[in-house]
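Everything below concerns the one structure shown next.
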Amino acid sequence: MSRDYIVPDKTYNWDASRAPKTQSEIEAYFISPEIEALKKLICDLGRRSYSKNFNDGNGGNFSVKVGDNLVLCTPTMVSKGSMTPADMCFVDLDGNQLAGSRKRTSEILAHLAIMKRQPLCRACCHAHPPHATAYALAGIRPPRNINPETEIFIGEVGMAEYGTPGTQSMADKVGEAGVDHDCVFMLNHGIMTWACDIETAFWKMENIEAHCYTVMLAARIGGAKQVSAEKVEELRPLRRFGK
């Protein structure tokens, strides 16, 4: 007997006609059940990220677009391994903080720069996974056509030239690279991934770190062997950009 399986759509969708406008409406939305659920998910992803050694100290940040001009994000100077829902912040697309008792991450500008340029981007994850970041520090793209998962879920990695973290100049570099690449290597800094939802963005972070790590391991035993061009072409239809 066959059974239909529906893949859950985890994209956060909002009703633009009911967008909060006044400060009191924004604050009410900030503590609504839907946003509280996202806060808890971000905290869970933060713990998972920290446990994988993707975030040194208080490094890294997460964001989710929850309105035409409204983004939920993580705070500055808080370890991703110990965040609570009460630590989260609301900002507009220019980075102005609208809600939250803690100060928003200074690097939110890089997240917003992608969201402004790429409509498919609804969530961003920034972290410093050691093996992928090693490639970013060296200014080298990891090799492609090695394994199907990386071709399907990451594709070509974007490269953003170094800029001082938290500045608009840095954000613009990441934003431009993020238009056509849902994984961006921020040179001499770390990694940014984006997707239609925050968990998928985090999965992409796991994908690229695993790829870089296993490529380095393969180098110790003779190097990874590339898949033929014909076989790689068979993977192209499987890739859904930004998903």
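Just so you know, residue 1 is the first one in the sequence shown, and it goes up from there. Here the structure is a predicted model, which means the values were calculated and not measured.
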Please report the interatomic distance [atom1]([X]) to [atom2]([Y]), rounded to the nearest 0.5 Å.
X    : Y    : atom1 : atom2 : value
R117 : L112 : CZ    : CG    : 10.5 Å
L45  : W203 : CG    : CH2   : 10.0 Å
T84  : I42  : OG1   : CD1   : 12.0 Å
I191 : C125 : CD1   : SG    : 10.5 Å
Y29  : L72  : OH    : CG    : 9.0 Å
H189 : T164 : NE2   : OG1   : 10.5 Å

request  = Starting from the C-alpha separation in whole Å, work towards a yes-or-no answer on side chain to side chain contact (heavy atoms under 4.5 Å, CB included) for M88 and C43.
outcome  = CA-CA 9 Å; M88 300 301 116; C43 290; 4.0 Å; yes

Check whether any side-chain N or O of [X] sits under 3.5 Å from a backbone N or O of [Y] as a donor-acceptor pair, and report yes or no.
X    : Y    : result
K80  : G60  : yes
T193 : A201 : yes
E25  : P20  : no
Q168 : A171 : no
Q23  : L98  : yes
T11  : N13  : no
S63  : H111 : no
E209 : E206 : no
E161 : L187 : no
Q226 : I146 : no

request  = Begin with the C-alpha distance, continue with both residues' side-chain angles, and end with the deciding distance and a verdict on salt bridge (Lys or Arg N to Asp or Glu O under 4.0 Å) for K116 and D94.
outcome  = CA-CA 9 Å; K116 287 179 177 180; D94 291 322; 3.1 Å; yes

ask   = Just by distance, with hydrogens left out, do D56 and H128 show a side-chain donor and acceptor under 3.5 Å apart?
value = yes

message = Run D15 and S17 through side chain to side chain donor-acceptor pair (under 3.5 Å) and show every step you take.
response = CA-CA 5 Å; D15 183 349; S17 67; 2.6 Å; yes

ask   = Is it true that atom CD of E36 has more than 12 heavy atoms of other residues, nucleotides or ligands lying nearer than 6.0 Å?
value = yes

query = Got a sec: does the CZ of F90 have more than 12 other heavy atoms crowding it under 6.0 Å?
reply = yes

Closest heavy-atom pair and its distance - [X], [Y]:
X    : Y    : value
C212 : F185 : SG-CZ, 4.2 Å
I114 : W194 : CG2-CD1, 3.7 Å
A134 : M216 : CB-CE, 3.8 Å
R144 : E151 : NH2-OE1, 2.7 Å

task = Indicate yes or no: does K204 engage D182 in a salt bridge with an N to O separation below 4.0 Å.
result = yes

ask   = Is D44 salt-bridged to R48, cutoff N-O under 4.0 Å?
value = yes

Beyond-backbone contact of [X] with [Y], side-chain heavy atoms, under 4.5 angstrom:
X    : Y    : answer
V157 : P142 : yes
P129 : K52  : no
C124 : F62  : no
V66  : V71  : no
P130 : N53  : yes
Y135 : M159 : no
K10  : T200 : yes

task = Just do the side chain to side chain donor-acceptor pair (under 3.5 Å) check on N147 and H211 with the steps written out, would you?
result = CA-CA 8 Å; N147 66 64; H211 178 65; 3.1 Å; yes

message = Working note: S169 + T167, criterion side chain to side chain donor-acceptor pair (under 3.5 Å); need CA distance, chi angles, decisive distance, verdict.
response = CA-CA 5 Å; S169 174; T167 63; 5.0 Å; no

request  = Go through C183 and M192 one step at a time and tell me if the side chain to side chain contact (heavy atoms under 4.5 Å, CB included) criterion holds.
outcome  = CA-CA 6 Å; C183 178; M192 180 77 80; over 6 Å; no

request  = Using the six-membered ring of Y162, assess whether NZ or CZ of K173 lies under 6.0 Å from its centre and within 45 degrees of the ring axis.
outcome  = no

Chi angles and distances behind the side chain to side chain contact (heavy atoms under 4.5 Å, CB included) call for K65, Y12 = CA-CA 8 Å; K65 192 174 183 183; Y12 184 83; over 6 Å; no

message = Is there a side chain to side chain donor-acceptor pair (under 3.5 Å) between S49 and N55? Walk through the geometry before answering.
response = CA-CA 7 Å; S49 185; N55 305 92; 2.3 Å; yes

query = Could you go step by step and tell me if E149 and N207 meet the side chain to side chain contact (heavy atoms under 4.5 Å, CB included) rule?
reply = CA-CA 8 Å; E149 285 76 12; N207 291 151; 5.6 Å; no

inquiry  = What verdict does the salt bridge (Lys or Arg N to Asp or Glu O under 4.0 Å) test give for D87 and R104, after you've listed the backbone C-alpha separation in whole Å, the side-chain angles of each residue and the deciding distance to 0.1 Å?
reply    = CA-CA 9 Å; D87 294 325; R104 53 86 163 161; over 6 Å; no

